[in-house]
Amino acid sequence: QVQLVESGGGLVQPGGSLRLSCAASGTIFSLYVMAWYRQAPGKQRELLASITGGGHTNYADFVKGRAIISRDNAKKMVYLQMNSLKPEDTAVYYCNQRRPSNGDYWGQGTQVTVSS
């Protein structure tokens, strides 16, 4: 079965940086678009960035310039580098694999808290 496991979350100060990781297993990883989402309490889950198997990236407007999504197909890993973090970035961050035919796969999430 497909599993996605996020790591790298934690407590950071405003203006700081964090690198999130997502490890995939049970999937032909290179074939699928991967994405990072986040969800804060009381808010809708929102898309931050996506990356195709070949490395083409897309970003939400509100993270452009301070977020970088990348992947390593050999290691079946996808990463999200977040810089200039703000308290508003506090949320649970989720790894996603696009699966139009069967339904997307999701990780369990990793908590990011930005606070002084």
Side-chain angles (χ1 to χ4, degrees):
Q1 68 275 30
V2 176
Q3 288 193 172
L4 305 174
V5 181
E6 302 96 335
S7 62
L11 176 64
V12 296
Q13 296 186 26
S17 298
L18 214 56
R19 191 193 193 209
L20 306 181
S21 299
C22 173
S25 61
T27 177
I28 307 176
F29 182 76
S30 63
L31 297 179
Y32 301 104
V33 174
M34 301 294 296
W36 284 96
Y37 288 75
R38 71 184 185 189
Q39 188 168 27
K43 295 188 176 181
Q44 294 286 131
R45 187 169 296 187
E46 58 186 358
L47 173 66
L48 280 70
S50 64
I51 183 167
T52 69
H56 182 267
T57 60
N58 280 291
Y59 296 93
D61 288 341
F62 61 88
V63 298
K64 284 182 178 177
R66 63 189 189 100
I68 301 172
I69 188 170
S70 61
R71 67 192 294 162
D72 185 333
N73 287 337
K75 295 181 178 180
K76 296 185 176 181
M77 297 285 291
V78 61
Y79 308 96
L80 181 69
Q81 176 73 37
M82 288 282 290
N83 303 315
S84 302
L85 286 163
K86 310 170 183 178
E88 308 90 81
D89 294 320
T90 297
V92 177
Y93 285 68
Y94 295 93
C95 181
N96 165 274
Q97 184 178 75
R98 303 266 191 262
R99 303 295 289 268
S101 60
N102 295 326
D104 289 2
Y105 288 100
W106 296 87
Q108 83 289 346
T110 185
Q111 177 71 47
V112 173
T113 302
V114 184
S115 177
S116 59

Completion exercise
Nearest heavy-atom approach of Leu85 to Arg66 is CA-NH1, 4.0 Å

Problem - Arg71 side chain to Thr52 backbone, donor-acceptor under 3.5 Å - result: yes

Exercise for the section: Indicate if Met82 and Tyr94 have the same hydrophobic cluster label, given that clusters are the connected sets of ILVMFWY residues with side-chain heavy-atom separations under 4.5 angstrom. Expected result: no

Practice task
Please examine the side chains of Val63 and Glu46, heavy atoms only from C-beta on, and report whether any two atoms are closer than 4.5 Å.
Solution key: no

Exercise for the section: Kindly say whether Thr90 contributes a backbone atom to a donor-acceptor pair with the side chain of Thr113 at under 3.5 angstrom? Expected result: no

Practice task
Look at the side chain of Asp104 and the backbone N and O of Arg99, then say whether any donor-acceptor pair between them is shorter than 3.5 Å.
Solution key: yes

Exercise for the section: Can you measure from CZ (Phe62) to CD (Glu88) and round to the nearest 0.5 angstrom? Expected result: 11.5 Å

Handout entry: Nearest-0.5 Å distance, CG of residue Leu80 to CZ of residue Arg19
Key = 10.0 Å

Exercise for the section: Of all the heavy-atom pairs spanning Ala24 and Thr27, show the shortest one and how long it is. Expected result: CB-CG2, 4.0 Å

Exercise for the section: Spell out, yes or no, whether Leu47 and Trp106 are grouped together once hydrophobic residues are joined by side-chain heavy atoms under 4.5 Å, including indirect joins. Expected result: yes

Handout entry: Salt-bridge contact Asp61-Lys64 (side-chain N to carboxylate O under 4.0 Å)
Key = yes

Practice task
State plainly whether one hydrophobic cluster holds both Tyr79 and Val5, where clusters connect Ile, Leu, Val, Met, Phe, Trp and Tyr through side-chain heavy atoms under 4.5 angstrom apart.
Solution key: no

Exercise for the section: Would you mind reporting whether Gln81 and Ser70 have side-chain heavy atoms less than 4.5 Å apart? Expected result: no

Exercise for the section: Following the transitive rule for hydrophobic clusters with a side-chain heavy-atom cut-off under 4.5 Å over Ile, Leu, Val, Met, Phe, Trp and Tyr, establish whether Leu20 and Leu48 coincide in one cluster. Expected result: yes

Problem - Shared hydrophobic cluster for Tyr37 and Val2 (ILVMFWY, side-chain gaps under 4.5 Å) - result: no

Practice task
Taking atom CG of Leu11 as the centre, report whether more than 12 heavy atoms of other residues, nucleotides or ligands fall under 6.0 Å from it.
Solution key: yes

Exercise for the section: For residues Phe29 and Met77, determine if any side-chain heavy atom of one lies less than 4.5 Å from a side-chain heavy atom of the other. Expected result: no

Handout entry: Lys76 side chain reached by Ser25 side chain, heavy atoms, under 4.5 Å
Key = no

Handout entry: Gly109 versus Glu6, closest heavy-atom pair with distance
Key = N-OE1, 2.9 Å

Practice task
Check Ile69 against Tyr59 and note the closest heavy-atom contact, atom names and distance.
Solution key: N-OH, 3.0 Å

Exercise for the section: For the pair Val112 and Arg38, evaluate side chain to side chain contact (heavy atoms under 4.5 Å, CB included) and give the outcome as yes or no after the intermediate values. Expected result: CA-CA 9 Å; Val112 173; Arg38 71 184 185 189; over 6 Å; no

Handout entry: Heavy-atom pair of closest approach, residues Asp89 and Ser84
Key = OD2-O, 4.3 Å

Exercise for the section: Over all heavy atoms of both residues, which pair between Leu4 and Gln108 is shortest? Give the atoms and the distance, please. Expected result: O-OE1, 3.5 Å

